[in-house]
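Please read the structure below before turning to the comments.
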Amino acid sequence: MTAMNGEAVFPERDEIRIEAVLHALADPVRLDVVRQLARSGEVACGALDVSVSKSTLTHHLRTLREAGVTVSRQQGTIRLQSLRRKDLDELFPGLLDGVLAARH
């Protein structure tokens, strides 16, 4: 696991496991976050349109990051989230496209 700026821990590409990715994507809130990131690219946590509390969103974002689905970086007082699309597409070809295309 790697720490960005000494805080946000995320797995190296070769540490990403399909079981963790599928678990992270199985939750409706996390799946919605992934869809928003896929549409918008890098997004500030506060700009995500979710129906959960800030603390619950923090939990969901941590789950996505620790599974290797997303990466976050601090820019001043804002934490930006982005999808690890390239890594996931190389490790699990077609997975994200299939998940994102699924009806919701």
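The chain is numbered in sequence order, starting from 1.
- Nearest heavy-atom pair, Leu100 versus Ala38, reported as atom, atom and distance to 0.1 Å: CD1-CB, 3.7 Å.
- The backbone N or O of Arg65 sits less than 3.5 Å from a side-chain atom of Thr70, completing a donor-acceptor pair.
- Within the 4.5 Å cutoff, the side chain of Val43 has no heavy atoms near those of the Leu80 side chain.
- Pairs passing the salt bridge (charged side-chain N to carboxylate O under 4.0 Å, His left out) check and including a residue from residues 83-104, sequence neighbours excluded, read Arg13-Asp87, Arg13-Glu90, Arg84-Asp87, Arg85-Asp89, Arg85-Asp97.
- Across all their heavy atoms, Pro11 and Ile16 have their closest contact at CG-CG1, 3.9 Å.
- Tracing side-chain contacts under 4.5 Å through hydrophobic residues (I, L, V, M, F, W, Y), one never reaches Val71 starting from Leu64; they form parts of separate clusters.
- Checked by atom type and distance alone, the side chain of Arg79 never pairs as donor or acceptor with a backbone atom of Gly76 at under 3.5 Å.
- No path of Ile, Leu, Val, Met, Phe, Trp and Tyr side chains, each step under 4.5 Å between heavy atoms, connects Leu95 with Phe10, placing them in separate hydrophobic clusters.
- Applying the salt bridge (charged side-chain N to carboxylate O under 4.0 Å, His left out) definition to pairs two or more places apart or across chains, those involving residues 35-63 are Glu42-Arg73.
- Residues satisfying the side chain to side chain donor-acceptor pair (under 3.5 Å) test with Ser55, not counting sequence neighbours, are Ser53.
- Taking CG of Leu91 as the reference point, atom CD1 of Ile18 lies at 8.5 Å (rounded to 0.5 Å).
- Between Leu61 and Cys45, the closest side-chain pair of non-hydrogen atoms falls below 4.5 Å.
- When all heavy atoms are compared, the tightest approach of Ile78 to Ala44 is CG2-CB, 3.5 Å.
- Evaluation of the side chain to side chain donor-acceptor pair (under 3.5 Å) rule for Glu19 yields no partner, not counting sequence neighbours.
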Can you give the donor-acceptor pairs under 3.5 Å from side chains of residues 25-34 to other protein atoms, not counting sequence neighbours?
{"unit_1": "Asp27", "atom_1": "OD2", "unit_2": "Val29", "atom_2": "N", "d": "2.9"}
{"unit_1": "Asp27", "atom_1": "OD2", "unit_2": "Arg30", "atom_2": "N", "d": "3.2"}
{"unit_1": "Arg30", "atom_1": "NE", "unit_2": "Ala24", "atom_2": "O", "d": "2.9"}
{"unit_1": "Arg30", "atom_1": "NH1", "unit_2": "His60", "atom_2": "ND1", "d": "3.1"}
{"unit_1": "Asp32", "atom_1": "OD2", "unit_2": "Gln36", "atom_2": "NE2", "d": "3.0"}

